[in-house]
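Encoded as structure tokens, the structure appears first; notes follow it.
So that the names make sense, note that chain A is the first sequence line, chain B the second, and so on, each numbered from 1. What you see is a predicted model, and the numbers here were worked out from it, not measured in a lab.
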2 protein chains.
Amino acid sequence: MIENNIATTIADRIFENLCSDIVKGEITAGSKISEPELSLRLKVSRASLREAIGRLEACNLVTRKANVGARVISLSEKKLIEIYHVREPLEGMAARLAAENITQDEIDNLQQLIKHHAYEVENGDGHTYFQHTGDLDFHYYIVQGSHNEQLISLLCNDLYHLMQMYRYQFGRISQRTLPAINEHQYVLGAIIDGDGEMAELLMRNHIRKSRRNIEKMITVVECGQLSDNLG
Amino acid sequence: MIENNIATTIADRIFENLCSDIVKGEITAGSKISEPELSLRLKVSRASLREAIGRLEACNLVTRKANVGARVISLSEKKLIEIYHVREPLEGMAARLAAENITQDEIDNLQQLIKHHAYEVENGDGHTYFQHTGDLDFHYYIVQGSHNEQLISLLCNDLYHLMQMYRYQFGRISQRTLPAINEHQYVLGAIIDGDGEMAELLMRNHIRKSRRNIEKMITVVECGQLSDNLG
DNA sequence: ACCAAATAAATTGTCGACATTTTAATTTAT
DNA sequence: ATAAATTAAAATGTCGACAATTTATTTGGT
């Protein structure tokens, strides 16, 4: 799990708490965010709370309507597929740029991460860990390795929490943990080789496979052959 | 130029005004945003102003530091190139999805837009119009045509204003107006044919060419062969 | 009993004032 | 005269209260 800066201001702290609660589903998807209720429960002024809500909106976790208020986004299969459609080219480019710009330290970090993933999955139930945070951590650090601030902003600020939210609350039934870890290894290999084109190709394939796997599962669920935990 | 919803709230109005002023350079890039000064000049409370500033931050036009305040982003060649690196795969995917999902009405609209661009450039100085708003309008409507909400959010909310800002304030010396309009025609053609793969390829090439053109101009400028209007 | 209009309650938007932190100016010491 | 320390000014963060809007309830009519 990625944890960055400490909260310096009240709004910061409230944002981080609410963000975590929404991502993990402790604040239900689709539910209303009541300012009076929350400001009372969290013991902060509505000003600080509204600042935090504004940031939740900025990272696409809530939607706001003027004079009506904020509401946690609702999850849907359609949106999840859309996210993968966006990630495929974006992270593909991230991998390409990482092949050009990544530092040795960042490579070391990624190699260690992959080793850790393999170990976790071999020994006991690493599936949950991997699917909740581990997988995304890999993608996160690849994006960081691109050293492209705009790309980092889009993926790590605007999309990351949303991706996390789906990871926590949506289908946890994927059988792709092992293949995914292998594909990570291939991507990183191309990056280490400095082969941007190959890295982009491999990353796009990796994400496309994840999407198609989900699309297949959705189809199965819709045909009533699996219990529906897709919200 | 794309103009959407009317401002329903004070913060909305202030946001739109500030956004426009920043994009056009009437509020200088890199300058500080003083809450007391602005709230006094615009005759609104700091609460409404701060709400607006928060949204400016969300669309990457200002940066904020806790206890220090907001500052208009500064423009740089590096950032501009970064934006093109992000746009290339993102809008490529947008074109691919548009080929699958665009409606006839949207196609008609785009064809009319291209016709308008060709006319403007033939008759008189359409270059300025095209480079300030026309070109981006085309890209904007292609993205809309993808019917992918996540993609639309990223490109039309998080990146659009930033792109506009560079269009207004950065190099207006491109000689690529005519080629660009032709390339637009090709992209739209592939979309109309429903050839997603081709549309993606053409869009990526179109944006890559723009980036390389800029990179070339930057090199020339750095060699002192052109007057520097690159901030 | 059901629907529309009017009223009441609750929620969001906006404001001015105070608290805390940062920045500028002044003082003091070397 | 310069630099560090102290003090003063200004800016941001936070708060509670009021205004405007939305939502829920009640009233009245058919």
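Between B:Arg50 atom CZ and C:dT14 atom C1' there is a gap of 14 Å when expressed in whole angstrom units. Here the P atom of nucleotide C:dT23 and the CD atom of B:Glu35 are 14 Å apart, to the nearest Å. Remark: C1' of C:dT14 and CG of B:Leu42 are 15 Å apart, rounded to the nearest angstrom. When rounded to the nearest whole Å, the span between NZ of B:Lys32 and C1' of D:dA11 equals 7 Å. Rounded to a whole Å, the CG atom of A:Leu49 is 15 Å from the C1' atom of D:dG13. Per the geometry, CG belonging to B:Leu40 stands 13 Å off P belonging to D:dT12, to the nearest Å. Between the CD atom of A:Glu51 and the P atom of D:dT14 there is a distance of 8 Å, rounded to whole Å. The nearest whole Å value for the distance from the CG atom in A:Asn67 to the C1' atom in D:dT22 is 7 Å.
Atom CD of A:Glu100 has more than 12 neighbouring heavy atoms from other residues, nucleotides or ligands inside a 6.0 Å radius. Crowding of B:Lys32 atom NZ: a count of heavy atoms from other residues, nucleotides or ligands under 6.0 Å exceeding 12. Dense packing is recorded around CD of B:Glu37, with more than 12 heavy atoms of other residues, nucleotides or ligands lying under 6.0 Å away.
Side-chain atoms of B:Leu90 and A:Leu154, non-hydrogen and from C-beta on, do get closer than 4.5 Å to each other. Looking only at side-chain heavy atoms (C-beta outward), B:Glu91 and B:Glu200 stay at 4.5 Å or farther from each other. Residues B:Glu51 and B:Ile14 form no side-chain contact, since every pair of their non-hydrogen atoms from C-beta on lies 4.5 Å or further apart. Annotation: side chain of A:Leu38 is in contact with side chain of A:Leu18 (closest heavy-atom distance under 4.5 Å). Residues B:Arg71 and B:Val62 have side chains not in contact (no heavy-atom distance under 4.5 Å, counting atoms from C-beta outward).
Contact between the side-chain N/O atoms of B:Lys65 and the OP1/OP2 oxygens of C:dT21 is not found at any separation under 4.0 Å. For B:Thr9, no side-chain nitrogen or oxygen approaches OP1 or OP2 of C:dT12 to under 4.0 Å.
A search for ring pair (Phe, Tyr, Trp, His ring centres under 6.0 Å) contacts involving B:Phe15 returns nothing, not counting sequence neighbours. Taking A:His139 as the reference, A:His184, A:His206 meet the ring pair (Phe, Tyr, Trp, His ring centres under 6.0 Å) condition, with sequence neighbours excluded. Partners of A:Ile107 according to the side chain to side chain contact (heavy atoms under 4.5 Å, CB included) rule, which considers only residues two or more places apart in sequence or in another chain, are A:Ile102, A:Gln104, A:Gln111, A:Ile192.
Atoms NZ and CZ, from A:Lys79 and A:Phe170 in turn, are 10.0 Å apart once rounded to the nearest 0.5 Å.
The residue A:Ile33 sits close only to the backbone: its heavy atoms come under 4.0 Å of sugar-phosphate atoms, none of a base.
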Give every pair of a protein N or O atom and an N or O atom of nucleotides 15-17 of chain C that lie under 3.5 Å apart, one pair per line with the distance.
| residue | atom | partner | partner atom | Å |
| --- | --- | --- | --- | --- |
| C:dC15 | OP2 | B:Ser45 | N | 2.8 |
| C:dC15 | OP2 | B:Ser45 | OG | 2.7 |
| C:dC15 | OP2 | B:Ser48 | OG | 3.1 |

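Bending across the helix from C:dA1-D:dT30 to C:dT30-D:dA1, expressed as the angle between its end axes from five pairs apiece, amounts to 0° (10° rounding).
Near DNA chain C, meaning a heavy atom under 4.0 Å away, there are no residues from residues 56-64 of chain A.
Nucleotides of DNA chain D nearest to B:Ser34 and A:Ala66 differ in position, and the one nearer the 5' end is that of B:Ser34.
Taking the side chain of B:Val68 as heavy atoms from C-beta on, and the options D:dA11, C:dT23, C:dG13, the nearest nucleotide is C:dT23.
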